[in-house]
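Note that ligands are numbered from 1 as they come in the structure, with each ligand's atoms numbered from 1 the same way.
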Amino acid sequence: MREIIYADNAATSWPKPPEVVEAVGEFLRNCSGSPGRAAHKMALEASRIVFETREELAALISAPSSEQIVFTKCATEALNLALFGLLRPGDRVVATTMEHNAVARPLYYLERHRGIAVTYVRCREDGSLDLDRLRQTLIEVSPRLLVVNHASNVTGTIVPLAEVAEMKGPALLLVDAAQSAGALEIDVSQGLDLVALTGHKSLLGPTGTGALYIAPGLEELIEPLGLGGTGSRSESLEQPSFLPDRFESGTPNTVGLAGLKAGLNFIKKTGLARIREHEKGLTALFLEGLASIPGITVYGPGDPERQTSVVSLNIAGKDPAWVALELDRRYGIAVRPGLQCAPLAHQTIGTYPRGTVRFSWGYFSGPSDVEMTLVALKELARE
Ligand SMILES: Cc1ncc(COP(=O)(O)O)c(C=O)c1O
């Protein structure tokens with residue numbers, strides 16, 4: 001038996017592919033220099049790594065050019081850049097009730113302090129987006145920005161992005177792809193204007209990496225969150241207006257990006273379709289097993305086709321925090337209890353304020369992890 005059964009990949013993926021660990025070590029051992037700031041060999045190598053990571057990420061989401069990828073420290077920073085950078089007093093925003101606090105908190109702040117009006121489209125109890133309701137709300141509100149969470153971090157529920165993009169009208173579409181990048185296909189040419197990604201979940205990179213995809217031309221509408229050195233146009237006190245420099249001030253996380261590049265290469269080599277199939281298989285196995293355990297309620301679609309490998313559940317009469325603690329203490333199973341930073345989503349699925357116990361499988365999880373988890377849950381449910 002493995003020491004840990006890791007079912008917390010929605011928080012951050014583990015283990016990382018050996019190539020990622022190696023790339024980080026290799027960078028720290030042999031590379032230094034700030035990319036774009038010097039001409040010595042190690043600085044050029046750092047520049048090359050950052051450039052190639054940008055190229056790989058752009059290719060993964062079919063971005064027209066890698067300049068449209070702005071690196072950030074996480075999805076939260078990417079979402080803040082999009083929301084604070086884009087929205088102006090008087091703007092109207094439509095978002096869904098499955099949003100993470102990385103969207104809901106900035107929107108709440110902007111509502112209170114910047115005169116922005118936010119309308120939430122209530123999702124169904126399984127977390128799915130009612131497209132008719134969305135269409136109606138878009139007609140009524142006529143927003144400048146529409147924000148959707150591609151895949152819920154609470155229920156795994158997937159939003160059909162192509163259909164949403166088709167109905168957005170003149171609104172710009174910001175997609176929170178924190179849970180989907182590296183797990184589901186993302187094609188920005190479907191009409192996605194802004195996509196926030198994180199590097200440390202299904203992209204299999206280190207923490208401290210993330211990105212915002214900005215569709216061509218939109219950069220002029222977005223104010224940077226910070227200004228400073230970019231290594232370009234150093235003679236001018238004016239921040240460069242071109243991508244990605246407009247939004248990338250200061251020394252980037254080169255070590256992290258070296259790891260992210262290896263994560264992206266791993267995904268390319270393995271194939272996104274194969275990763276998805278593997279995770280769908282585990283989700284199916286888990287859902288089937290859960291259905292036969294008395295006292296367990298599963299939230300979400302309950303259908304591997306309509307969700308990622310995230311599964312939320314509760315055991316009747318048991319506190320989610322207790323269940324998570326006992327899973328860890330007795331069985332070495334790592335999960336995430338509570339609200340998972342998404343109180344609006346829990347209000348939607350009816351589990352607020354106690355939340356759920358969330359399991360999230362990854363590419364390195366196997367059927368035996370799922371089976372042992374089912375045994376543990378059966379025992380806990382019987383107590
Ligand atoms: C749906 C969703 N959005 C945003 C975030 C924030 O991601 P990060 O931790 O990279 O800032 C998360 C992380 O859990 C998430 O699940």
Looking at [Y] and [X], is there a salt bridge between them, counting it only when a charged N and a carboxylate O are closer than 4.0 Å?
X      : Y      : answer
Lys261 : Glu56  : no
Arg336 : Asp8   : no
Arg274 : Glu277 : no
Glu238 : Arg233 : no

Problem - Neighbour count above 12 (heavy atom, 6.0 Å) for Glu185 CD - result: no
[X] neighbourhood, listing ligand 1 atoms whose heavy-atom distance to it stays under 4.0 Å:
X      : result
Ala102 : 4 (C)
Ala178 : 2 (C), 3 (N), 4 (C), 5 (C), 12 (C), 15 (C)
Cys74  : 8 (P), 10 (O), 11 (O)
Thr198 : 8 (P), 10 (O)

Practice task
Check the side chains of Glu55 and Ser66 for a donor-acceptor pair under 3.5 angstrom, ignoring hydrogens and angles.
Solution key: yes
Exercise for the section: From the options Lys201, Gln179, Glu99, Arg336, select the one whose nearest heavy atom is closest to atom 14 (O) of ligand 1. Expected result: Lys201
Exercise for the section: Just go through Asp176, Asn149, Val154, Asn153 and tell me whose heavy atom is the nearest to atom 2 (C) of ligand 1. Expected result: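 Answer by nearest heavy atom: Asp176.
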Practice task
Say whether Ala151, considering both its backbone and side-chain N or O atoms, lies within less than 3.5 Å of an N or O atom on ligand 1.
Solution key: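 Such a contact does not occur with ligand 1.
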Which residue supplies the protein heavy atom nearest to [atom], what is that atom called, and how far is it?
atom                    : result
atom 7 (O) of ligand 1  : Ala75 CB, 3.5 Å
atom 15 (C) of ligand 1 : His100 CD2, 3.3 Å
atom 9 (O) of ligand 1  : His200 NE2, 3.4 Å
atom 6 (C) of ligand 1  : Thr76 OG1, 3.4 Å

Practice task
Apply salt bridge (charged side-chain N to carboxylate O under 4.0 Å, His left out) to Lys41 and Glu45, showing your working.
Solution key: CA-CA 6 Å; Lys41 286 189 188 61; Glu45 176 62 5; over 6 Å; no
Practice task
For His150 and ligand 1, answer yes if some heavy atom of the residue is under 4.0 Å from a ligand atom, otherwise no.
Solution key: no
Exercise for the section: Please state whether the rings of Phe364 and Phe266 are parallel, tilted or perpendicular, taking 30° and 60° as the class boundaries. Expected result: tilted
